[in-house]
Amino acid sequence: MRPLDEKETSVVFEKLFKFVGNNLKNIVENPSHEGPDANPGRYCFRLHKNRIFYASESLVKRATNVARPNLVSLGTCIGKYTHGGSFHLTVQALNLLAANAKHKVWLKPQSEMSFLYGNHVLKSALGRITDNIAAGDGVVVFSMADVPLGFGVAAKSTQDCRKLDPNGIVVLHQADVGEYLRMEDEL
């Protein structure tokens, strides 16, 4: 477990910025309320076995007592580096993204299961969509009851969605809470 170097930090922050925009400041400067210390500090990012963890400084300090080979996880795993060196957000980052999301999409109740099975979001599935979404922006997908279901990348802008046919893809699927069941061995 080690702090991120400059290159790794910029890659992680660019990916998070795609989804949360200027709210990235809230994630970085979020004060921690966990731990026995009177002043537990803030949350920080750590790299362990090609996975990026978001944990409080007090938890990181206590985890130094555990040998590296024995340490399995620490805080919330928000993403991982692939063998090729690219960074991917994992479904565990959903709570962090949902609380600070810049662009949101709400699905109709009959379309939620399709998204949870790993399919893209079609225009016919949209319940609501925030304004000013550009193609390629990170989008957090919610149910109509404001329960975060997953996240993806906008395939079309908000303006293009209005003219799109019902079978057109609006959001390209990246991760959803159904992965907890489909890929439980890998998480």
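If you take CG on L126 and NZ on K108, they are separated by 8.0 Å, rounding to the nearest 0.5 Å. Separating the CD1 atom in I133 from the NE2 atom in H103 is a distance of 6.0 Å, to the nearest 0.5 Å. The CD atom of Q174 sits 11.5 Å away from the OG1 atom of T90 when rounded to the nearest 0.5 Å. In this structure, the separation between CG on L116 and NE2 on H173 is 8.0 Å, given to the nearest 0.5 Å. To the nearest 0.5 Å, atom CD1 of residue I129 and atom NZ of residue K156 are 12.5 Å apart. The CG atom of L94 lies 10.5 Å from the CG atom of L89; values are rounded to the nearest 0.5 Å.
Other residues, nucleotides and ligands contribute over 12 non-hydrogen atoms within 6.0 Å of the NZ atom of K15. Counting non-hydrogen atoms of other residues, nucleotides and ligands closer than 6.0 Å to CG of N22 gives a total of 12 or fewer. Residue K123 qualifies as enclosed at atom NZ: its count of foreign heavy atoms under 6.0 Å is above 12. Other residues, nucleotides and ligands place no more than 12 heavy atoms under 6.0 Å from the NZ atom of K25. For CG of N132, the number of neighbouring non-hydrogen atoms (other residues, nucleotides, ligands) closer than 6.0 Å is 12 at most. In E29, the CD atom is crowded: over 12 heavy atoms of neighbouring residues, nucleotides or ligands sit closer than 6.0 Å.
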Residue pair S157, Q159: steps toward the side-chain hydrogen bond (donor to acceptor under 3.5 Å, both in side chains) verdict: CA-CA 5 Å; S157 68; Q159 299 303 324; over 6 Å; no
Worked check of side chain to side chain contact (heavy atoms under 4.5 Å, CB included) between V139 and V121: CA-CA 11 Å; V139 176; V121 176; over 6 Å; no
Could you walk me through whether S58 and R62 pass the side-chain hydrogen bond (donor to acceptor under 3.5 Å, both in side chains) check? CA-CA 6 Å; S58 120; R62 285 181 279 152; 3.0 Å; yes
Can you list the steps and then say if D131 with R162 is a salt bridge (charged side-chain N to carboxylate O under 4.0 Å, His left out)? CA-CA 11 Å; D131 291 334; R162 300 188 203 293; 3.6 Å; yes
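M113 and F142 fall within a single hydrophobic cluster, where Ile, Leu, Val, Met, Phe, Trp and Tyr side chains are chained together by heavy-atom contacts under 4.5 Å. Under the 4.5 Å side-chain heavy-atom criterion for ILVMFWY residues, no single connected hydrophobic cluster contains both F17 and V153. Grouping the Ile, Leu, Val, Met, Phe, Trp and Tyr side chains by contacts below 4.5 angstrom, directly or via other members, places L74 with V66. The hydrophobic clustering, which links ILVMFWY residues whose side-chain heavy atoms are closer than 4.5 Å, places V60 and V28 apart. Under a hydrophobic-cluster definition in which Ile, Leu, Val, Met, Phe, Trp and Tyr are linked whenever side-chain heavy atoms come within less than 4.5 Å, directly or via other members, L47 and L59 are assigned to different clusters.
Salt bridge annotation for D176-R182: present, with a cationic side-chain nitrogen under 4.0 angstrom from a carboxylate oxygen.
Residues L16 and F45 have side chains in contact (heavy-atom distance under 4.5 Å, counting atoms from C-beta outward). Residues N95 and T76 fail the side-chain proximity criterion, which asks for heavy atoms closer than 4.5 Å. Taking the side chain as every heavy atom from C-beta outward, E8 and I52 never approach each other to under 4.5 Å. Contact check for T130 versus W106: side-chain heavy atoms found under the 4.5 Å cut-off.
Listed for the N119 side chain is a donor-acceptor partner under 3.5 Å among the backbone atoms of S114. Between the R42 side chain and the E57 main chain, no donor and acceptor come within less than 3.5 Å of each other. In this structure, the side chain of N70 does not engage the main chain of A67 through any donor-acceptor pair within 3.5 Å. Using modelled atom types, no side-chain atom of H88 and backbone atom of K80 make a donor-acceptor pair closer than 3.5 Å.
The minimum heavy-atom distance linking L122 with N167 is given by the pair CD2-O, 3.6 Å. Here the closest non-hydrogen pair linking V170 and C161 is CG1-SG, 3.4 Å. Taking each heavy atom of P69 and K49 in turn, the nearest pair found is O-NZ, 3.8 Å. Residue A98 comes nearest to P148 through the heavy atom pair CB-CB, 3.8 Å, listed as atom of the first residue, atom of the second, then distance. Nearest heavy-atom pair across Y54 and I27 is OH-O, 2.7 Å. Of all the heavy atoms in L107 and M144, the pair that sits closest is O-CG, 3.1 Å.
Taking the six-membered ring for Trp and thresholds of 30 and 60 degrees, Y81 and F87 have ring planes inclined between 30 and 60 degrees apart. The aromatic rings of H48 and F53 are tilted relative to each other, their planes meeting at an angle between 30° and 60°.
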